[in-house]
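Keep in mind that what you see is a predicted model, and the values were worked out from it rather than measured. Start at 1 and go down the list; that is how both ligands and their atoms are numbered.
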Amino acid sequence: MILPNRSGFFGDFGGKFVPETLMAPLDELERAYRVARKDRAFGRELDLLLKNFVGRPTPLTEVKRFGELCGGVSLFLKREDLNHTGAHKINNALGQALLAKRMGKARIIAETGAGQHGVATATACALLGLECVVYMGEVDMARQELNVFRMRLMGAEVVPVASGSRTLKDAINEAIRDWVTNVGTTHYIIGSVLGPHPYPMIVRDFQAVIGREALAQLRRETGREPDVAVACIGGGSNAIGLFYEMLKRSSIRLIGVEAGGRGPGLGDHAARFEGGALGVLHGTRSMVLQDAHGQIAETHSVSAGLDYPSIGPEHAYYQGTKRIEYHSCDDALALEAFHRLSETEGIIPALESAHAIGWLMRNGETLGTGSLVVANLSGRGDKDVPQVAVMEGREP
Ligand SMILES: *Cc1c(COP(=O)(O)O)cnc(C)c1O
């Protein structure tokens, strides 16, 4: 079965819940994407940029000492942290920017929370000569000053968003408002497998390179396929990117790890499968953290990139079919993993990625000694070092 279906649904999840004015542009985007996907020249251009600009293929690194700390599993990290700009987000930003150019749209807008997707989009726009406007909540701008400066260095306009909780979901609202107004000239680059159809499909396809490479690299290194694959989940793009090629190989266990935050109370975490209910947010139907009246709940995570009240609809679908298992890792365990991986392997992980490896530290034993595990290291932790230093009462 090919998912999503023609209306953009993954079973009960997904779809296009948008104002009338966006139906035609979403159709236009889907048509353009389907043509581009079949066009060899488009594929070649993207592959060449991924190789020579982004630095793909990213390495697969065996981490023996850290694997010992995870119950003695044989652990390999897929090193998305070594991409240009430091995370997997550039795979999608570059793909969509190329697509926009092909569609004749010279203006790009994007939303960003922690700033990683904004930086990736600003980077792709600088490279391709596109105008770039990034919406960012005021609270996030204050927390992530360095990323604001990076975006501006590359010529992007960063627009502060002062409404609501002044964080990611408010920035998305503003970006959608801009898109409705300027849709003739503007492409909206969404940063994860979220939003109305066709976005969850497009972002997934651009990120699926992660899993294709990982499978080929593991076969070369070990002669076999992994027993288990693990990734952290904000919206879910790095996870579905790793898992997509593995979905049809039923012997591989797939495990997604959400942010458990500081506890199970509503507002204290971003674990949509443990605390959420069916709802519609930002154009798609999925699991959403909300109160008894359906108001979107506040979320909390030590990592800004996992801190979103909904989750990609394709994940909601695979949670229902049980093909992917979902668990959570809390702030404290993620911080511990952040330190242990740094000390044992000389790799400082992004706090987001630290959730995947934190889960492995606590649960690796249950996977069986010697089982072959691949974990996605979605980004590098340099951006998080000042925050961790302050949290731990040290000068950065
Ligand atoms: C944005 C981000 C995430 C979370 O987004 P997904 O769409 O769930 O992948 C995870 N890791 C890093 C490093 C990020 O920048």
Please indicate whether any nitrogen or oxygen in [X] is less than 3.5 Å from any nitrogen or oxygen in ligand 1.
X	result
G234	yes
S353	no
E352	no

Please identify which atoms of ligand 1 are closer than 4.0 Å to at least one heavy atom of [X].
X	result
G379	13 (C)
S192	6 (P), 7 (O)
K89	1 (C), 2 (C), 3 (C), 14 (C), 15 (O)
G236	6 (P), 7 (O), 8 (O)
Q116	15 (O)
N238	6 (P), 8 (O), 9 (O), 10 (C)
G305	4 (C)
I233	8 (O)

Does either side chain, that of S286 or that of T284, offer a donor lying less than 3.5 Å from an acceptor on the other one?
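Absent: no donor and acceptor within the cut-off.
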Side chains of N173 and S163: do they bring a donor and an acceptor to under 3.5 Å?
no
Nearest heavy-atom approach of C329 to W359 is SG-N, 4.1 Å
In terms of heavy-atom contacts, I190 and V203 come closest through O-CG2, 3.9 Å
So does E68 pair up with R65, basic N to acidic O under 4.0 Å?
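Here E68 does not pair with R65 in a salt bridge, since their nearest N and O are not under 4.0 Å apart.
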Location of contacts on H88 toward ligand 1, heavy atoms closer than 4.0 Å
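For H88, only side-chain atoms sit under 4.0 Å from ligand 1.
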In this structure, atom 12 (C) of ligand 1 is nearest to the protein heavy atom S378 OG, 3.5 Å
Given S237, A354, G381, A259, which has its nearest heavy atom closest to atom 6 (P) of ligand 1?
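Nearest option to atom 6 (P) of ligand 1, by heavy atoms: S237.
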Check: F273 ring centroid to Y326 ring centroid under 6.0 Å
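Yes, close enough.
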Mind checking ring pair (Phe, Tyr, Trp, His ring centres under 6.0 Å) for H339 and listing every partner two or more places apart, or none if nothing turns up?
none
Is a side-chain N or O of E111 found less than 3.5 angstrom from the main chain of V134, in a donor-acceptor match?
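No, because the side chain of E111 does not come within donor-acceptor range (under 3.5 Å) of the backbone of V134.
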Check whether any side-chain heavy atom of Q96 sits under 4.5 Å from a side-chain heavy atom of I202, and report yes or no.
yes
